[in-house]
Structure formats: structure tokens, C-alpha cells
*Asks:* 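Just dropping this structure here.
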There are 2 protein chains.
Amino acid sequence: MITAFENYLRQETSLSDADIHQISSLAIRRKLRRNEFLFREGEVCRHKVFVISGLLRIFGMTPDGGEHILQFSPETTWTIDAESYDRQTPSIYNIDAVEPSELLLWTKADFDSLLTRIPQLKKFAEQLISGNTYSGRRRLLTALSATPEQKYEDFVQTFPRLLSRLPLRMIAGYLGISLKTLNRVRQAQLLRS
Amino acid sequence: MITAFENYLRQETSLSDADIHQISSLAIRRKLRRNEFLFREGEVCRHKVFVISGLLRIFGMTPDGGEHILQFSPETTWTIDAESYDRQTPSIYNIDAVEPSELLLWTKADFDSLLTRIPQLKKFAEQLISGNTYSGRRRLLTALSATPEQKYEDFVQTFPRLLSRLPLRMIAGYLGISLKTLNRVRQAQLLRS
DNA sequence: CTAAAAAAAGGTCATTTGACCTTAATTTCT
DNA sequence: AGAAATTAAGGTCAAATGACCTTTTTTTAG
């Protein structure tokens with residue numbers, strides 16, 4: 001429902017009801033089945049995406065078919081390949097649905113016009129982008145320096161709600177370790193507790 | 001010299017000479033000796049930094065003393081811990097000088113006022129930040145998915161000029177591999193060529 | 001509800017990687 | 001220029017990791 005999105009905006013911003021309505025009036029509703037793609041690498045990321053319900057992921061694929069996950073986007077978050085969206089150039093990433101999902105989409109043209117018409121929205125969007133950049137940095141540091149145990153522990157702490165919703169192979173793909181190693185880590189934890 | 005900075009702005013932007021002068025007039029000059037810190041983790045990143053000459057790095061330290069490098073900043077680039085700078089909160093990273101370096105610094109207050117007074121500058125700054133975000137993403141994907149060989153090859157391709165200026169242990173720290181592994185990769189390359 | 005598909009878990013093994021140590025080469029600094 | 005410090009490189013070894021395969025369990029979709 002669009003209502004869920006409007007509630008989200010009311011909760012997270014101090015936008016007026018008129019502004020909120022203007023924003024949602026330009027949204028396109030879309031559903032994705034499990035495993036359905038929003039776009040594939042080589043295609044242009046043409047929309048801003050808000051996840052009403054469900055769970056998306058953005059990931060890169062290695063030649064041998066390995067999937068390396070950059071980010072999960074559960075309900076009430078946004079997703080996009082910023083590089084492809086901003087420049088309207090082919091993406092090197094894929095986005096698909098881990099669970100059946102309901103989305104709101106805005107074309108870049110529409111969203112850009114909203115950003116100029118509603119400075120509050122622009123500010124809010126910038127905050128989201130900044131937060132994403134910060135967490136991306138922290139994630140890079142973890143990827144460079146942490147052991148598999150630490151990476152997994154970090155994931156559990158950071159995304160406790162996602163744990164039960166994701167196949168372990170995707171968590172492994174997010175952490176940059178093999179499923180085998182992830183299983184070993186989890187086994188070791190069971191023994192310890 | 002401040003001239004180097006002004007030339008950089010003339011080259012990279014279409015800012016007026018008056019604007020450029022206004023920007024550089026608020027800059028604080030600072031020199032860093034080799035290995036000298038700009039700030040350490042726990043401190044707040046209080047300045048925007050432009051590197052006139054030399055080479056800085058931003059890195060995180062693990063409890064055992066391991067250094068994991070997020071980014072190198074050679075001459076005519078900027079550096080900062082954005083999270084600490086934006087929020088003026090303690091940083092979890094360190095910045096120090098790999099080579100003796102000449103810097104220009106702006107306090108956040110000064111730079112913020114420049115950003116509001118000079119919309120062009122704001123646009124330019126946003127472009128730089130975006131570019132950084134995009135490359136950070138790509139870097140994360142590499143960190144998650146690439147073999148040591150591929151990581152090193154990628155580094156050589158991306159930063160050919162830095163190769164000869166950095167101790168190998170720092171390149172290892174940037175790639176997230178041990179010095180031993182880096183040496184092995186380089187040995188293998190010598191044989192192949 | 002049931003058949004089919006996907007996921008988890010476990011076993012085995014070869015390889016990679018890093019830890020630790022030593023030696024040689026290079027660089028820095030006074 | 002010369003002493004001290006840093007860096008590179010190499011040897012050895014144990015541990016960690018991933019590849020590959022099988023079996024069992026769970027989930028999905030018709």
C-alpha cells in the first residue's frame with residue numbers, strides 16, 4: 001500500500017501532507033516475485049526504488065556465477081545503483097527480490113523534479129545517501145580486516161531481523177566467505193553456547 | 001603553494017577568479033612530516049583537507065596493530081573522514097602522511113559558509129563525493145570477490161603512479177592481504193613476464 | 001497436499017594463506 | 001657519508017579456507 005510509504009515519510013521527515021501526497025502521486029507501483037530481477041548488469045537503473053514490503057538485494061556476479069552482495073533492502077528502505085541511476089549509464093550490478101516484494105518506483109525525471117520542488121525532500125535524501133556512504137566505509141574496513149567469525153558476528157549484530165529471512169548462502173555472499181566457512185563459524189558458535 | 005590549489009580549481013571547475021580567491025583565502029596551510037598524523041581515531045575530523053603535494057592515507061587499526069587502508073590521497077586530491085567531519089563526532093579512522101606533505105585545511109564552519117555562498121562549489125563538492133561513493137562500491141565488490149592476484153592487478157591498473165611511491169606493506173594493507181601473499185603474487189608475475 | 005527444488009550440513013582433501021623467523025637490500029635521517 | 005631503521009624477500013610450517021561431493025532437511029510452487 002502507498003499508505004505504508006506515506007506513514008514512513010511522516011515518521012522520518014517533517015514533510016507536509018501536501019508534499020507527501022505530491023511525492024506518492026508520482027510513484028509507480030510494482031511487484032516482484034521471489035528471484036525476479038529489477039534490473040540486470042548491463043541495463044540502466046532507471047528508477048528510485050522504495051521497498052514497501054519484501055526484501056531486495058544488490059549484487060555483483062563473477063564470471064563463474066558467484067554472487068557477491070553489496071546490500072540488502074528490506075521493507076521501508078530504499079535501493080538503487082546510484083552510479084547507474086545518477087549518470088544513466090549501464091550498471092555493473094544486479095538487483096533482484098529475495099522475497100516477494102512490493103515496490104514504489106519513480107523515474108529519475110520525476111524524482112529530480114520532486115527534489116527541486118521540495119527542498120526538505122532533498123535534505124532527507126542527502127541524509128540517507130550520507131548514511132549509506134558511512135556504513136559502506138565501515139563495511140569496507142570490516143571486509144579488509146575482520147576474520148570470518150568477526151564478519152558473521154558483525155552481521156548478526158547489525159541485521160538481527162534479516163538473519164532468519166536469508167538463506168545462508170546469501171549471508172556468505174554478503175560477507176565474502178564460502179558457505180562452508182560460514183557453516184563452520186556457526187557450528188563453532190553452537191558449541192560455545 | 002596556494003597557486004597549485006588555485007590552478008587545480010581553474011582546471012577542474014568553472015569557478016570565477018573571485019570565487020577561487022575567496023576559497024583559498026580561508027585556507028590554512030599545514031605541513032606534515034612523513035608518518036605524522038593529521039588525526040587519530042577517537043579525535044574529531046575538524047577540517048576539509050586538500051593535498052597540495054605529498055601523499056596521505058586514511059586507515060583503520062585492528063587491536064593487534066594491523067593497518068587497513070581505506071584510501072590514499074596523493075597531490076591534487078581531497079581527504080577527510082566524512083562521517084566524523086559531517087557530524088563532528090570522534091572518528092574511527094586515522095589519517096597520516098605517507099610522504100612529507102603540504103596541505104590546505106578549512107574548518108567546517110568556513111567551508112560550510114563557502115558552500116552556501118558559492119553554489120558552483122557545492123555542485124563540484126557533490127560531484128567529488130559521488131565519485132568517491134561509486135568507487136567505494138566497486139572497491140567493496142572487489143574486496144568481497146577478487147583473488148589476491150586480481151586485487152593486485154586491479155590496484156596496478158587503477159593507481160599506476162602510486163605503485164612506486166608506496167611500501168608494499170601498505171599496498172597489502174590496502175588490498176586486505178598479507179605482505180607474504182602480496183610478495184607471492186608479485187613473484188608469480190615476474191615469472192610469467 | 002505432494003512433487004520438485006532449494007538449502008543446510010557434513011565429509012574429504014588439496015591449496016592457499018598467514019604467522020613467525022631470518023637475512024639481505026634499501027631508505028631515511030642526522 | 002654512515003649508522004640506524006625500515007623494507008623486501010625468502011623459508012618453514014600449521015591452520016584456515018574453499019572446492020567438490022553426498023545426504024538430509026526444509027521450502028517452494030503447482
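In what follows, every chain begins at residue 1, and chains take the letters A, B, ... in the order their sequences are listed.
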*Asks:* What integer distance in Å separates A:Glu99:CD from C:dA6:P?
*Replies:*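 Distance check: A:Glu99 CD to C:dA6 P gives 17 Å.
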*Asks:* Taking only distance into account, with no hydrogens and no angle test, what donor-acceptor pairs under 3.5 Å do side-chain atoms of residues 154-167 of chain B form with protein atoms, sequence neighbours excluded?
*Replies:*
from	atom 1	to	atom 2	distance (Å)
B:Gln157	NE2	B:Glu153	OE2	2.7
B:Thr158	OG1	B:Asp154	O	2.6
B:Arg165	NE	B:Glu99	OE2	2.8
B:Arg165	NH1	B:Glu75	OE1	3.4
B:Arg165	NH1	B:Glu75	OE2	3.0
B:Arg165	NH2	B:Gly54	O	3.1
B:Arg165	NH2	B:Glu75	OE1	2.9
B:Arg165	NH2	B:Glu99	OE1	3.0

*Asks:* Does B:Tyr93 have any ring-ring contact (aromatic ring centres under 6.0 Å, His included) partners at least two apart in sequence or in another chain, and if so, which?
*Replies:*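 Applying ring-ring contact (aromatic ring centres under 6.0 Å, His included) to B:Tyr93 gives none.
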*Asks:* Could you run down nucleotides 12-20 of chain D 5' to 3' and tag each one B, S or - for protein heavy-atom contact under 4.0 Å?
*Replies:* B----BBB-
*Asks:* By the salt bridge (Lys or Arg N to Asp or Glu O under 4.0 Å) test, which pairs, at least two apart or in different chains, include something from residues 128-148 of chain B?
*Replies:*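 Qualifying pairs, neighbours excluded: A:Glu83-B:Arg138.
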*Asks:* Only one of A:Glu41, A:Arg40, A:Arg57 clears side-chain hydrogen bond (donor to acceptor under 3.5 Å, both in side chains) with A:Asn94; which?
*Replies:*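 Of the listed residues A:Glu41, A:Arg40, A:Arg57, the side-chain hydrogen bond (donor to acceptor under 3.5 Å, both in side chains) partner of A:Asn94 is A:Glu41.
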*Asks:* Reckon B:Gln187 has a side-chain N or O less than 4.0 Å from the OP1 or OP2 of D:dA9?
*Replies:*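 It does not, given that no N or O in the side chain of B:Gln187 lies less than 4.0 Å from OP1 or OP2 of D:dA9.
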*Asks:* Are side-chain heavy atoms of B:Ile58 and B:Ser73 found at a separation under 4.5 Å?
*Replies:*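 A side-chain contact is absent here, since even the closest heavy-atom pair is not under 4.5 Å.
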*Asks:* Any stems for DNA chain C, made of 3 or more Watson-Crick or G-U pairs in a row, each with both distances under 3.5 Å?
*Replies:*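 C:1-30 with D:1-30 - these are the stems of 3 or more pairs that involve DNA chain C.
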*Asks:* For residues 117-126 of chain B, which side-chain donor-acceptor pairs fall under 3.5 Å, sequence neighbours excluded?
*Replies:*
from	atom 1	to	atom 2	distance (Å)
B:Arg117	NH2	B:Ser113	OG	2.9
B:Gln120	OE1	B:Ser14	OG	3.4

*Asks:* At less than 4.0 Å, is any side-chain N or O atom of A:Asn183 found next to OP1 or OP2 of C:dA8? Yes or no.
*Replies:*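 False: A:Asn183 side-chain N/O out of range (4.0 Å or more) of C:dA8 OP1/OP2.
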*Asks:* For residues 8-20 of chain B, which residue pairs qualify under salt bridge (Lys or Arg N to Asp or Glu O under 4.0 Å), counting only residues two or more places apart or in two chains?
*Replies:*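 Found B:Arg10-B:Asp17.
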*Asks:* Do any of residues 154-171 of chain A sit with a heavy atom less than 4.0 Å from DNA chain C, and if so which?
*Replies:*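 Here the set is A:Pro167, A:Leu168, A:Arg169.
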*Asks:* Taking protein heavy atoms under 4.0 Å as touching, what does nucleotides 25-30 of chain D look like 5' to 3' if B marks base contact, S marks sugar-phosphate-only contact and - marks none?
*Replies:* ---SS-
*Asks:* Using 30° and 60° as the class limits, which term best fits the ring planes of A:Phe5 and A:Trp78: parallel, tilted or perpendicular?
*Replies:*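 The arrangement is perpendicular - the two ring planes meet at more than 60°.
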*Asks:* Going by side chain to side chain contact (heavy atoms under 4.5 Å, CB included), name the residues that satisfy it together with A:Gln11, two or more places apart in sequence or in a different chain.
*Replies:*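 Residues passing side chain to side chain contact (heavy atoms under 4.5 Å, CB included) with A:Gln11: none at all.
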*Asks:* Which heavy-atom pair separates A:Ile92 from A:Asp81 by the least distance, and what is that distance?
*Replies:*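 Scanning both residues completely, I find the closest heavy atoms to be N-OD2, 4.3 Å.
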*Asks:* B:Leu190 CG to D:dG10 C1': how many Å, rounded?
*Replies:*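 So the two atoms are 14 Å apart, to the nearest Å.
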*Asks:* Pairs in or reaching into residues 167-186 of chain B: which pass salt bridge (Lys or Arg N to Asp or Glu O under 4.0 Å), with residues at least two apart or in two chains?
*Replies:*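 Salt bridge (Lys or Arg N to Asp or Glu O under 4.0 Å) check on residues 167-186 of chain B returns B:Glu67-B:Arg169.
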*Asks:* Not counting sequence neighbours, which residues clear side chain to side chain contact (heavy atoms under 4.5 Å, CB included) with B:Thr89? List them please.
*Replies:*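 Partners of B:Thr89 under the side chain to side chain contact (heavy atoms under 4.5 Å, CB included) test: B:Arg87.
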*Asks:* Over all heavy atoms of both residues, which pair between A:Leu56 and A:Ser101 is shortest? Give the atoms and the distance, please.
*Replies:*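 Nearest pair, atom of A:Leu56 first, then A:Ser101: CD2-OG, 3.7 Å.
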